**Q** 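Can you keep this structure in mind? I'll have questions shortly.
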Amino acid sequence: SALAALEGELATLVAERPVPAEDQLPGMGDEAPLRFAAYAGGAEVLEGEAGSLGELLAGWGSRPVVAHDWKSLAAAEDRCETPLLEHDTEVAAYLIDPARRGYPLAELIEETGLGATVKDGGEPAERAVLTRALAVRQRAILEELDLTRLLSEVELPLVEVLVEMERAGVKLDVETVRSIAARVGEQALALEREIWELAGEEFTIGSPQQLAPILFEKLGLSRKRRGKTGFSTDARVLHAIRGEHEIVPKIETWRELTKLKSTYLDAFPSLLGPDGRLHTTFQQTATATGRLSSTNPNLQNIPIRTELGREIRACFTAEAGHRLISADYSQVELRLLAHIAGEEVLKDIFRRGEDVHTATAAEILGGGRDSARTPDASQPHPDPGTRSKAKMVNYGIVYGLSAFGLADRLQIPHEEAQAFIDRYLERFPAVGRFIEATVEKAADDGFAATLHGRIRRIPELRARQRQTRLLGERLAVNMVIQGTAADIIKVAMVRCRAALREAGSSTRLVLQIHDELLFEAPESEVEEACEIVRREMAGAFEMDPPLEVDAGAGVNWLEAK
DNA sequence: AGTCGAAGCCAC
DNA sequence: AAACGTGGCTTCGACT
Ligand SMILES: Nc1nc2c(ncn2[C@H]2C[C@H](O)[C@@H](COP(=O)(O)OP(=O)(O)OP(=O)(O)O)O2)c(=O)[nH]1
Ligand SMILES: [Mn+2]
Ligand SMILES: [Mn+2]
């Protein structure tokens with residue numbers, strides 16, 4: 001075909017539907033034709049129209065493709081054979097500078113100083129030429145920054161995996177969602193009346209500007225922090241004053257109920273696809289550290305902490321005859337910290353098979369008689385809420401939590417908080433050295449880097465304001481660890497996809513939640529898929545201590561975890 | 001009617 | 001308010 005015959009290399013494809021099917025799932029059949037243009041560096045730009053991406057690519061041949069934001073194009077179209085992705089100018093721009101707001105093609109072209117006119121060509125033709133020119137420039141920069149392998153071996157192979165995940169979606173038990181929503185709605189209304197009664201007036205509970213004067217002036221409750229507009233009424237403040245007036249716990253509960261109802265219960269039914277499943281969009285170029293994000297809806301922040309939250313999580317189900325498999329790295333960033341910092345005390349804890357979050361839970365929140373004893377492999381089980389709080393403490397301290405911050409979060413005296421932080425850092429002496437070395441190198445280089453070479457510029461380190469520089473120090477340390485964890489799970493995703501395919505498995509990856517992969521597997525494949533996933537995730541990066549994976553299966557997400 | 005920032009809060 | 005980090009979504013209230 002003409003497409004296959006296009007001369008040159010870095011064959012670049014631009015394709016768009018003139019009336020983009022906004023928020024619409026593929027396969028509706030009423031879309032406008034796909035206008036496309038292709039250019040490979042020769043004398044000719046090819047332009048045309050096709051009914052679908054599949055039809056267009058049928059003439060493409062086996063040549064790899066260059067594009068800008070290939071994932072959006074592919075995910076919006078029906079499943080079809082796609083060529084290898086050789087370069088994506090959006091993803092490349094993200095690797096070069098991941099802290100930017102966005103990567104619109106026009107902006108990248110403009111700032112690179114590129115221009116083109118195509119004789120007798122339309123706008124897509126020009127865009128094909130410019131996209132290719134941008135790709136050429138970027139490839140030189142990527143080479144200089146040592147980002148070529150990260151792009152070609154991790155990010156680009158990941159694109160196809162993400163497209164499959166978005167297409168697959170995840171099943172939602174919408175009937176149960178509706179019934180929980182109805183129940184919670186009634187509870188919230190009842191609470192609202194009680195709150196008004198206790199306040200002596202009707203007001204908008206959801207307005208902190210109206211709530212604050214009632215709590216702190218009318219009822220005279222203790223003020224804690226203040227923000228730009230007045231005294232804070234956030235959850236930590238309410239928790240601290242919950243004993244002062246019976247209205248406070250009611251507001252706390254009202255907040256929890258209405259939050260979960262509006263964000264999840266009410267939102268999901270309208271977001272269901274025709275297949276009865278929720279289809280998120282994974283953003284590959286949104287975070288400064290290399291993590292993915294999830295939008296419309298965000299399926300990376302499904303509740304789990306409270307009882308109602310767990311009910312909501314249980315509404316994420318497997319198709320009949322299937323199971324969900326959840327595979328989550330154990331204490332992943334603490335393990336990475338031990339590895340990167342060479343922290344032998346921390347390594348020892350992992351070697352003994354212990355759980356640092358659990359140990360911290362016992363130590364600071366446990367209160368039990370023998371809970372302060374040196375933890376062993378048979379540590380007592382803290383309740384999930386307590387371990388979760390301990391997790392926040394562990395990562396908080398590593399990433400620069402102050403004694404003020406810890407005292408506020410744990411509701412303890414400053415001195416106690418300071419002592420805990422001091423003791424923590426004394427016990428793991430290599431952590432402090434790692435932090436210092438990381439900050440110094442980042443200040444020197446102007447950027448922090450992950451073990452896979454992903455970089456994040458840290459201009460904050462060169463700011464004149466001390467406060468901003470300290471922020472830069474925390475950003476640098478966090479980038480190294482969180483970013484490496486992000487690299488690792490991306491590698492794992494590509495490995496899992498390949499290994500499942502190799503095994504002839506029809507188990508599908510459906511969600512990524514930062515250090516967790518959620519799969520949907522036919523019942524008969526669950527055991528094999530579990531083992532494959534464990535192996536591929538644990539093997540995604542060799543380190544000391546090794547990565548460990550907690551995997552489980554169930555008919556819903558809650559059971560699987 | 002839409003946009004914006006602030007506050008707040010869900011998750012990792 | 002304070003100096004854990006990474007996100008996205010909802011509500012309110014001011015504004016265009
Ligand atoms: N800075 C910071 N990072 C967090 C926080 N919560 C989670 N993370 C990061 C670090 C974790 O390794 C990573 C994955 O979260 P998880 O909930 O899976 O925790 P983790 O793997 O540490 O423990 P796990 O054994 O899975 O329960 O996300 C937090 O409160 N602060
Ligand atoms: Mn984990
Ligand atoms: Mn996790």
Side-chain angles (χ1 to χ4, degrees), chain A residues 98-99 203-212 223-238 251-252 255-268 271 280-283 285-306 308-309 312-313 328-329 331-333 337 388 391-409 414 417 421 424 435 448 456 458 460 465-483 485-486 489 511-516 557 561:
Chain A
F203 67 103
T204 305
I205 304 170
S207 166
Q209 277 181 67
Q210 293 182 43
L211 180 61
R223 308 155 186 214
K224 302 292 179 186
R225 303 187 307 275
R226 62 173 311 149
K228 291 174 179 167
T229 56
F231 287 96
S232 169
T233 70
D234 72 20
R236 283 184 354 232
V237 170
L238 293 188
I251 294 169
E252 290 181 285
R255 283 246 178 100
E256 183 199 342
L257 299 187
T258 55
K259 169 82 178 179
L260 296 183
K261 181 169 187 291
S262 67
T263 307
Y264 306 99
L265 299 168
D266 291 345
F268 286 162
L271 293 170
T280 188
T281 299
F282 286 104
Q283 304 293 337
T285 61
T287 75
T289 56
R291 277 188 173 188
L292 299 177
S293 76
S294 162
T295 62
N296 199 7
N298 181 356
L299 296 183
Q300 291 180 320
N301 72 340
I302 301 307
I304 193 166
R305 288 207 326 273
T306 66
L308 175 58
I312 294 172
R313 187 167 281 230
D328 186 306
Y329 284 115
Q331 312 168 75
V332 61
E333 288 182 30
L337 175 67
S388 157
K391 194 183 285 186
M392 205 163 43
V393 170
N394 283 329
Y395 290 116
I397 292 177
V398 171
Y399 296 125
L401 185 62
S402 67
F404 287 102
L406 185 62
D408 188 27
R409 285 169 177 78
H414 287 179
I421 293 172
Y424 194 100
I435 291 173
R456 171 184 182 176
I458 317 268
E460 289 86 352
Q465 277 207 349
R466 176 185 145 84
Q467 189 173 314
T468 305
R469 282 200 309 277
L470 289 173
L471 171 65
E473 296 184 1
R474 298 193 298 276
L475 297 181
V477 172
N478 181 253
M479 170 64 188
V480 174
I481 311 258
Q482 186 184 110
I489 195 159
L511 292 179
Q512 186 253 43
I513 311 95
H514 306 303
D515 78 326
E516 172 186 2
W557 193 356
K561 265 215 106 129

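Just so you know, these numbers come straight off a predicted model, no measurement behind them. All chains are named by letter (A, B, ...) in the order of the sequence lines, taking the proteins before the strands, and each is independently numbered beginning at 1. Quick note: numbers below take in every heavy atom, side chains included, and nothing from hydrogens, waters or symmetry partners.
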**Q** Side chain of A:Asp234: nearest nucleotide among B:dA7, B:dC10, B:dG8?
**A**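 Among the listed nucleotides, the one closest to the side chain of A:Asp234 is B:dG8.
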
**Q** For C:dC4, does either OP1 or OP2 sit under 4.0 Å from a side-chain N or O belonging to A:Arg409?
**A**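 So the side chain of A:Arg409 is within the cut-off, an N or O lying under 4.0 Å from OP1 or OP2 of C:dC4.
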
**Q** Between atom CD in A:Gln482 and atom P in B:dC12, what is the gap in whole Å?
**A**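 One finds 13 Å between P of B:dC12 and CD of A:Gln482, rounded.
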
**Q** Is the backbone N or O of A:His514 less than 3.5 Å from a side-chain atom of A:Gln512, with the two atoms forming a donor-acceptor pair by type?
**A**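 It does hold such a pair.
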
**Q** Mapping A:Asn478 and A:Arg236 to their closest nucleotides on DNA chain C, which lands nearer the 5' end?
**A**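 Mapping each residue to its closest nucleotide by heavy atoms, the 5'-most match is A:Arg236.
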
**Q** Heavy atoms from C-beta onward define the side chain here; which of C:dT6, C:dC4, C:dC12 lies closest to that of A:Arg474?
**A**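 Among the listed nucleotides, the one closest to the side chain of A:Arg474 is C:dC4.
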
**Q** Is there a side-chain contact between A:Thr287 and the phosphate of C:dG7, meaning an N or O under 4.0 Å from OP1 or OP2?
**A**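 It does not, given that no N or O in the side chain of A:Thr287 lies less than 4.0 Å from OP1 or OP2 of C:dG7.
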
**Q** Among C:dC9, B:dC12, C:dT6, which nucleotide has an atom closest to any side-chain atom of A:Arg456?
**A**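 The closest nucleotide is C:dT6.
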
**Q** Testing A:Asn296, A:Leu271, A:Leu511 for side-chain contact (heavy atoms from CB on, under 4.5 Å) with A:Thr280, which one passes?
**A**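 Of the listed residues A:Asn296, A:Leu271, A:Leu511, the side-chain contact (heavy atoms from CB on, under 4.5 Å) partner of A:Thr280 is A:Leu511.
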
**Q** Could you walk me through whether A:Thr289 and A:Gln482 pass the side chain to side chain donor-acceptor pair (under 3.5 Å) test, one step at a time?
**A** CA-CA 7 Å; A:Thr289 56; A:Gln482 186 184 110; 2.7 Å; yes

**Q** Between A:Ala403 and A:Asn298, name the one whose nearest nucleotide on DNA chain C is closer to the 5' end.
**A**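 Looking at the nearest nucleotide for each, A:Ala403 comes out on the 5' side.
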
**Q** Among C:dT6, B:dC10, C:dC4, which nucleotide has an atom closest to any side-chain atom of A:Met392?
**A**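 Of C:dT6, B:dC10, C:dC4, C:dC4 is nearest to the side chain of A:Met392.
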
**Q** In whole angstrom, give the distance that lies between atom CD of A:Gln300 and atom C1' of B:dC12.
**A**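 These atoms are roughly 8 Å apart.
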
**Q** Answer with base, sugar-phosphate or nothing: what part of the nucleic acid does A:Leu475 contact at a heavy-atom distance below 4.0 Å?
**A**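 Since only primed, P, OP1 and OP2 atoms lie under 4.0 Å of A:Leu475, the category is sugar-phosphate.
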
**Q** From C-beta outward on A:Ala288, which listed nucleotide comes closest to its side chain: C:dA3, C:dG5, C:dG7?
**A**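 So the nucleotide nearest the side chain must be C:dG7.
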
**Q** If you only use heavy atoms from C-beta on, which nucleotide in C:dG13, B:dG8, C:dG7 is closest to the side chain of A:Lys259?
**A**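 Shortest atom-to-atom distance from the side chain points to B:dG8.
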
**Q** What's the CG-C1' distance between A:Leu401 and C:dA3, to the nearest Å?
**A**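 The answer, rounded to whole Å, is 8 Å.
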
**Q** Looking across every strand, which nucleic acid part, if any, lies under 4.0 Å from A:Met479 by heavy atom: base, sugar-phosphate, or nothing?
**A**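 The answer is nothing, as A:Met479 stays clear of every strand by at least 4.0 Å.
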
**Q** Is the backbone N or O of A:Gln210 less than 3.5 Å from a side-chain atom of A:Ser207, with the two atoms forming a donor-acceptor pair by type?
**A**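 The answer is yes, because a donor-acceptor pair under 3.5 Å joins these two groups.
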
**Q** Can you find a side chain N or O atom of A:Gln210 that sits less than 4.0 Å from OP1 or OP2 on C:dG13?
**A**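 For C:dG13, OP1 or OP2 has a side-chain N or O of A:Gln210 closer than 4.0 Å.
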
**Q** Between A:Ser402 and C:dC4, does any side-chain N or O lie under 4.0 Å from OP1 or OP2?
**A**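 Yes, such a contact exists.
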
**Q** Under 3.5 Å, is there a donor-acceptor pair between the side chain of A:Arg313 and the main chain of A:Pro303?
**A**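 Answer holds: yes.
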
**Q** Using a cut-off of strictly less than 4.0 Å, decide whether A:Ser232 has a side-chain nitrogen or oxygen near OP1 or OP2 of B:dG8.
**A**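 Result: yes.
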
**Q** Rounded to whole Å, how long is the line connecting atom CG of A:Leu406 with atom P of C:dA3?
**A**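 Atom-to-atom, A:Leu406 to C:dA3, this comes out as 15 Å.
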
**Q** Taking only the side-chain heavy atoms of A:Ala235 (C-beta and beyond), determine which of B:dC10, B:dC9, B:dC12 contains the nearest atom.
**A**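 My answer, after comparing the listed nucleotides, is B:dC9.
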
**Q** To the side chain of A:Thr229, which of B:dA6, C:dA3, B:dC12 is closest?
**A**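 Within the option list, the nearest is B:dA6.
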
**Q** In whole angstrom, give me the gap between the P atoms of B:dG5 and C:dC4.
**A**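 Pairwise P distance, B:dG5 against C:dC4, rounds to 24 Å.
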
**Q** Would you verify whether the NZ or CZ of A:Arg474 falls within 45 degrees of the ring axis of A:Tyr399 while also being under 6.0 Å from that six-membered ring's centre?
**A**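 No - A:Arg474 does not lie over the ring of A:Tyr399 by the 6.0 Å and 45° rule.
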
**Q** Does A:Thr263 have a side-chain nitrogen or oxygen under 4.0 Å from the phosphate oxygens OP1 or OP2 of B:dC9?
**A**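 Answer is no, no contact under 4.0 Å.
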
**Q** Measure from the side-chain heavy atoms of A:Ser262 and tell me the nearest of B:dC10, B:dC12, C:dT10.
**A**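 Closest nucleotide among those given: C:dT10.
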
**Q** For A:Gln209, answer base if it contacts any base atom (sugar-phosphate contacts may also be present), sugar-phosphate if it contacts only those atoms, and nothing otherwise; contact means non-hydrogen atoms under 4.0 Å.
**A**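 The answer is sugar-phosphate, as A:Gln209 gets under 4.0 Å only of primed atoms, P, OP1 or OP2.
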
**Q** At under 4.0 Å between heavy atoms, what does A:Lys261 touch on the DNA or RNA strands: base, sugar-phosphate, or nothing?
**A**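 If one applies the 4.0 Å heavy-atom cut-off, A:Lys261 turns out to touch nothing in the nucleic acid.
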
